[in-house]
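Encoded as structure tokens, the structure appears first; notes follow it.
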Amino acid sequence: MLYSIDRFENDIAVLIDEEKVSHNVLRTQLPAEAKAGDMCRFEDGQYCLDDDAARARREQILRLQNKLRRK
């Protein structure tokens, strides 16, 4: 499952899955370099960052922003 790191609230990371459902996990379960806006997957019992998915998500957001600006 792919998750977006929505935000951090103290020791909790709020993740949003592909179905837009939020999940609270301990911040320590994520890689130390994880930040809000990153994408991660849960594989083999641990969360790992997915740089390709994060890049694709950022590009999608930029395309949508540019489309809105043209209107």
Side-chain angles (χ1 to χ4, degrees):
M1 171 92 47
L2 184 64
Y3 300 92
S4 170
I5 302 174
D6 185 60
R7 65 187 179 280
F8 294 102
E9 297 178 352
N10 298 316
D11 294 338
I12 301 295
V14 180
L15 309 180
I16 308 295
D17 69 22
E18 296 166 295
E19 297 174 358
K20 309 295 186 229
V21 176
S22 68
H23 304 268
N24 295 339
V25 300
L26 291 174
R27 188 176 191 151
T28 57
Q29 291 182 275
L30 298 176
E33 67 274 16
K35 60 188 179 307
D38 283 347
M39 304 294 289
C40 64
R41 294 185 183 277
F42 189 74
E43 296 177 340
D44 300 323
Q46 65 183 11
Y47 290 95
C48 58
L49 296 179
D50 188 327
D51 294 332
D52 291 334
R55 189 175 309 108
R57 177 68 57 94
R58 282 191 295 274
E59 289 171 1
Q60 178 188 26
I61 290 168
L62 285 174
R63 280 193 304 273
L64 289 170
Q65 288 174 335
N66 289 332
K67 185 177 179 181
L68 287 171
R69 287 186 188 122
R70 285 181 279 194
K71 289 186 175 189

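Side chains included, hydrogens not; waters and symmetry mates left out as well; all remaining heavy atoms used.
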Query raised in the report: Side chains of Asp11 and Thr28: closer than 4.5 Å at any heavy-atom pair?
Result: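 Not in contact.
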Query raised in the report: With a 4.5 Å heavy-atom cut-off, do Ile5 and Ile16 have their side chains touching?
Result: no
Requested in this report: Compute whether any side-chain donor of one residue and acceptor of the other, for Asn66 and Arg63, lie under 3.5 angstrom apart.
Outcome: no
Report task. Quick one: list whatever passes side-chain hydrogen bond (donor to acceptor under 3.5 Å, both in side chains) with Arg27, sequence neighbours left out. Result ->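 Partners of Arg27 under the side-chain hydrogen bond (donor to acceptor under 3.5 Å, both in side chains) test: none.
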Report task. Name all residues meeting the salt bridge (charged side-chain N to carboxylate O under 4.0 Å, His left out) criterion together with Glu9; count only those two or more places apart in sequence or in a different chain, and write none if there are none. Result ->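 Testing Glu9 for salt bridge (charged side-chain N to carboxylate O under 4.0 Å, His left out), a comparison that skips the adjacent residues, returns Arg7.
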Can you name the residues that form a side-chain contact (heavy atoms from CB on, under 4.5 Å) with [X], not counting sequence neighbours?
{"X": "Asn24", "result": "Ile12, Val14"}
{"X": "Asp17", "result": "Met1, Tyr3, Glu19, Val21, His23"}
{"X": "Arg55", "result": "Asp51, Asp52, Arg58, Glu59"}

If you look only at distance, which donor and acceptor atoms sit under 3.5 Å apart when one is on a side chain in residues 29-47 and the other is two or more places apart or in another chain?
residue: Gln29; atom: OE1; partner: Leu26; partner atom: N; Å: 3.1
residue: Lys35; atom: NZ; partner: Asp38; partner atom: OD1; Å: 3.2
residue: Asp38; atom: OD2; partner: Lys35; partner atom: N; Å: 3.0
residue: Arg41; atom: NE; partner: Asp50; partner atom: OD2; Å: 2.7
residue: Arg41; atom: NH2; partner: Asp50; partner atom: OD2; Å: 3.4

**Report entry** For Phe8, ring pair (Phe, Tyr, Trp, His ring centres under 6.0 Å) partners two or more places apart
**Finding:** none
Report task. Please go through Ile61's hydrophobic cluster and name the other residues, only I, L, V, M, F, W, Y counting, with side-chain heavy atoms under 4.5 Å joining them. Result -> none
